[in-house]
Each structure stands twice: as C-alpha cells, then as structure tokens.
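Down below is the structure, laid out as structure tokens.
So you know, we letter chains A, B, ... as the sequences are listed, proteins then strands, and number each from 1.
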Amino acid sequence: MAGFQSLPGFREFYPEDFSRRQHIFRHWRKNASAFGFQEYDAPVLEPLELYKAKSGDEIEGQLFNFTDKGGRDVALRPEMTPTVCRLVGAKAGALKRPIKWFSIGEFYRYERAQKGRLRAFHQFNADIFGEPGPEAEIELIALLIQCLAGFGLTKDDFYVRLSDRDLWFFYLAALGFNDTQVPGILAAIDRFEKMGDDAFKGYAEAHGVLVPELKEKILAFLQIKTLPELETALAPCLTDKISQRIGEWRKVIAGLSAMGLGEFISVDLGVVRGLAYYTGFVFEAFDRKGDLRALAGGGRYNDLIKKLGYADLPAVGFAIGDVTTGLLLEQRGLTPTFVNAPDIYAVLGGEAERQAAFADIHALRAAGWRVDYPLKDVAFGKQFKTAAESGAKLALIYGGDELAKGVVKLRNMSDRTEQEIPRDQVLSVVRDFLSGR
RNA sequence: GCGGCCAUAGCUCAGUUGGUUAGAGCACAAGAUUGUGAUUCUUGGGGUCGCGGGUUCGAAUCCCGUUGGCCGCCCCA
C-alpha cells in the first residue's frame, strides 16, 4: 500500500459514501427549515481561548489545537455551541425573536477513535435563543425527533431520554445537600448506569460515605420513568421552585404528546450530561437496542452567553451526529441506493447518433434534468445495462433507425415500455414524463 | 493518555513444519453478442503480503520496532 494514508479518525467520502452523507444532510436541512429555523455557518478554526472560557483548561487535551504562524493559539472547533453563542451574543439586541438557528458542519476532537466516535465528524446543531420557557424545549425536542424519524426511524428504533438538572438541584437541596456536595452527586448519577455502586466512590472520598437512607432516595429518583411517578416522588418535598418546575415538565410532555410524539419520550433522570454548563432540561436520543453511542444530545444553557461576555440570554440547543445516525440507518436498512441517479440515460448508436444526440442532451441538462450518456462507443446491450444500474428513470435511444425517421425512442426503465417521439418534441415529452405526465 | 486483539488484491478471505513465479470468490474491464436490462462462458487489469529492521541459504509465515484498524478504560461538549 504505497503512498499516503488519511489521518487516524478522519474519513474519506467516496461518491457512494458522500451520497449517503448528503441524504442525511438533506433531511436535516429540510426538517429544520420546516420548523422555521434559519441556517448559519461560522469558522472551523477558532481561538483556543473560546473553548477554555466555556469548558475550562482541561478541555485542551481533547482539542485539535496548535499555534499558528502569527503566534495565536487556535483550535479546530470541537462543537458549535461557543461559536453560535458568540454570533448571537454579538448581535443579540438586533435579532428578531425568537432566534431559531441551525447549522451543519464538521467538527474535530483529538481523541482515540472508536465505533461511532471519530476525530472528524459532522453535526447538525439547532438552538433557540431568548426563550426562557419550556415552549423552546418543545420546539427543539420535536425537531430532534423529526430529524431522526424523517429517515423512517420509528419509536421502536429510538427514543429521547428527558432529564432536568434544575430538578436535581432542587431535589438534592430538599434532601439537605449543600452546594459543594451537589456536583459530586450529579457526577455519581451520571456514572451510575455504567458503574453501579462504584459511581459513588468519588463522592465518598470528598464528602464521606453517603447516608444509606439518602442514597436510597436518590436511586429511587433515578428509577422514575413517567411524569406521574415524578410528581408522586416530589409530593413530600414540594417547594415553590419544585412546584413551578413540575408545571414546566407537564407543559413539555403535554406539548410533545399533542404533536403525537409522546411515545418517543422517556422520563429518565439518569441523564445529567457531562458538562456543567447545562442549567435546566437535558435530553439525549438513543437507539432502542442500546448498542450504539448517543444519537443526539442537548439541553438548556441559560448562563453560557453571559459567561462568554455577552448579554444575559437564555438558550436551548441540541446536536445530532452523522456517525451514529449513519450506523443506525445502516442497521435498519434505511440507506438509499440511488440518491444521485440520473433522470435520463441516453443510449447512442454510433458517432453520427452521438453528434445528433448532443443537442438534446445539453438542452435537457440546461433545463435541469440529470442526463448521462456513454463517453465512448459501446454495444447497445451494455448501454441498457449501464442505464439500468445507474437508476435512471428513462432511457432516450438515439439509433440509426430512429434518426432516419426523425424520432427518438423513449424507454420507461421501470416498466420497460417504449414510445417513439419526434425529435423536436423531446424536451416537452421528457418534461411531461418526468413530472408525472 | 492506558490496556487487549488484528493487518495478504477495491471487498470477504485462503495460504501446509519457513521452500519455485502468492491464490479464490465477489467487484471492475474486454469479448462471446453491430438494437434492449437476465443467465452463462472466455479473457484481462489489479498485490514490494501495512511499513522498517532482524534471524535464515531462503520470510506473507519466526523475532523486535512502528503505523493503522477494531474493542475496552479515561473522556464524551
């Protein structure tokens, strides 16, 4: 294997791979647009400081960062959130509300590659800014579901786990934990699913072993699967904040149910997500079988824009990755075959026929149809085979017999019927045929 | 960053105790077939056996290193 290899964790998109990627992007873009989101884009290379400001100095270990020729510390973007916060923050006062934005871009993380996790990957990001209420969550979670369901995935293929960092803070406060203890508990909750009881070791080292009675209450809270169960569990420790929060939960669940999406949602307080900047609802989408990494994740981050030095603007957002999504579609047989198939394949008898066909071929292409033809003379049989394999809807046959009669033969590739059409009507007949007659 | 497994054609793999010029199926291309998508047959292109070093008369095969891949840990924005 001479020559060069691509860098570890980076993908190359041969046309077949690229068409699958385009299929995914097209759906995301179409759905975001249907939900009234505006597309934006931004630099791939950013100041290193932008990510340190958001996530702390430790983040550098997981970034693709370097010093540029001007001595600037820079990093390839590992995520969109800080960037979009800057964009929105810088013009917050001038932007019409609600601010509903999305983008599709490539991101880079300097990590060891694993299944569903590479060093370069694409993400669809959608965010709503300036809306403090749960209406924004409804809108975003509905979009998230549609961005997966739009491919043909159903509630049996994936689901969205909905959790709430605020509620954990309120609940833990009601149980008597103070502000220095809560982060340790949340870290343990985050790990509990994977590690079991050992997840509480870190907390025990910092604050002493957890009182068994409190641990029971926390683990019971983790088991909650429905809104009524949640309400029952919180009944003994109702505060104003908790009551208000339950009201917002009801609103989110009711809204999504009214859209017919209730069955995609699972109440699951085990999701607190790694990063500390989330402030309210958090949610993650997983495949039902559970053998893939997270498909998507997001939540509310009301403090971040202010933390980056801009206005105090509430925000919710989520991201879907193309790697895991692609794996799931592959598993479910939902990857299309002829994404970039031509509309028309021209079958050419010989050199004279080729010259004659060129006028039509170019006119059809200029009119927007996808037209292909063989670049050198090949037998008719081969041409039809090529036409069939290309996925073309129809073939236009330019043979000696046809041209002598002043016609072109149009073959419907799906039902194999043929008809002769006068040369000067090719454009209009093809248009009628391809637009469904 | 740490640990385990793996690496032969575009893909899936075979390759005997180390022994002549490294094979198969699929895929691709040409032909049988000078006007119709199947099947079949024939032929062809494509490999410095991931890379580098060592042992040996001789290495795809054994040893060391290295790079890459997969899996797990850390992390997962």
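Ionic pairing of A:K52 and A:D73 is not present here: no N-O contact between side-chain nitrogen and carboxylate oxygen is shorter than 4.0 angstrom. Looking at A:K307 and A:D303, no side-chain N of the basic residue comes within less than 4.0 Å of a carboxylate O on the acidic one, giving no salt bridge. A salt bridge links A:D17 with A:R20: the distance from a Lys NZ or Arg NE/NH1/NH2 to an Asp or Glu carboxylate oxygen falls below 4.0 Å. Looking at A:E135 and A:K251, a side-chain N of the basic residue comes within less than 4.0 Å of a carboxylate O on the acidic one, giving a salt bridge.
If you find the closest nucleotide of RNA chain B to A:K382 and to A:Y108, the one lying nearer the 5' end belongs to A:K382. In terms of position on RNA chain B, the residue among A:A379 and A:K385 whose nearest nucleotide sits closer to the 5' end is A:A379.
Residue A:K409 places a side-chain atom within donor-acceptor reach of the base of B:U36, judged by atom type and a 3.5 Å distance cut-off alone. Residue A:Q383 places no side-chain atom within donor-acceptor reach of the base of B:U36, judged by atom type and a 3.5 Å distance cut-off alone. For A:E402 against B:G35, a side-chain-to-base donor-acceptor contact under 3.5 Å is present. A donor and an acceptor atom never sit less than 3.5 Å apart when one is taken from the side chain of A:R411 and the other from the base of B:G35.
Using modelled atom types, one side-chain atom of A:T325 and one backbone atom of A:G321 make a donor-acceptor pair closer than 3.5 Å. Within the 3.5 Å criterion, the main-chain N or O of A:W369 finds no donor-acceptor partner in the side chain of A:D343.
Note on A:G400: a base of the nucleic acid sits closer than 4.0 angstrom, heavy atoms only. Within the 4.0 angstrom heavy-atom criterion, base atoms lie near A:M413. Within 4.0 Å (heavy atoms only), A:E58 reaches no atom of the nucleic acid at all. If you check every strand for non-hydrogen atoms under 4.0 Å, A:E284 touches nothing.
Straight-line distance from the CD atom of A:Q419 to the C1' atom of B:U36: 16 Å, rounded to whole Å. Residue A:E60 contributes atom CD, which lies 19 Å from atom P of B:C75 at whole-angstrom precision. Across the protein-nucleic acid pair, A:F121 atom CZ and B:A77 atom P stand 10 Å apart, rounded to whole Å. To the nearest angstrom, P of B:G35 lies 14 Å from CG of A:L403.
The P atoms of B:G4 and B:G23 are separated by 37 Å, rounded to the nearest whole Å.
Of the candidates B:C75, B:U36, B:G35, B:C75 carries the atom nearest the A:E111 side chain, counting heavy atoms from C-beta on. Checking B:C76, B:G37, B:A77 against the side-chain heavy atoms of A:R293 singles out B:C76 as nearest. Nearest nucleotide to the A:R117 side chain, out of B:A30, B:C74, B:A77: B:C74. Of the candidate nucleotides B:A30, B:G1, B:A77, B:G1 has the atom lying nearest to any side-chain atom of A:Y110.
Within the shown strands, B:G69 is the pairing partner of B:C5 under the Watson-Crick or G-U definition, both distances less than 3.5 Å.
The phosphate of B:C75 (OP1 or OP2) has a side-chain N or O of A:R191 nearer than 4.0 angstrom.
Stacking between A:F380 and the base of B:G35 is present: ring centres sit under 5.5 Å apart and the planes differ by under 30 degrees.
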Pairs under 3.5 Å (N/O, protein and nucleotides 66-71 of chain B):
from: B:G69; atom 1: OP1; to: A:G9; atom 2: N; distance (Å): 3.1
from: B:C71; atom 1: OP2; to: A:K115; atom 2: N; distance (Å): 2.7

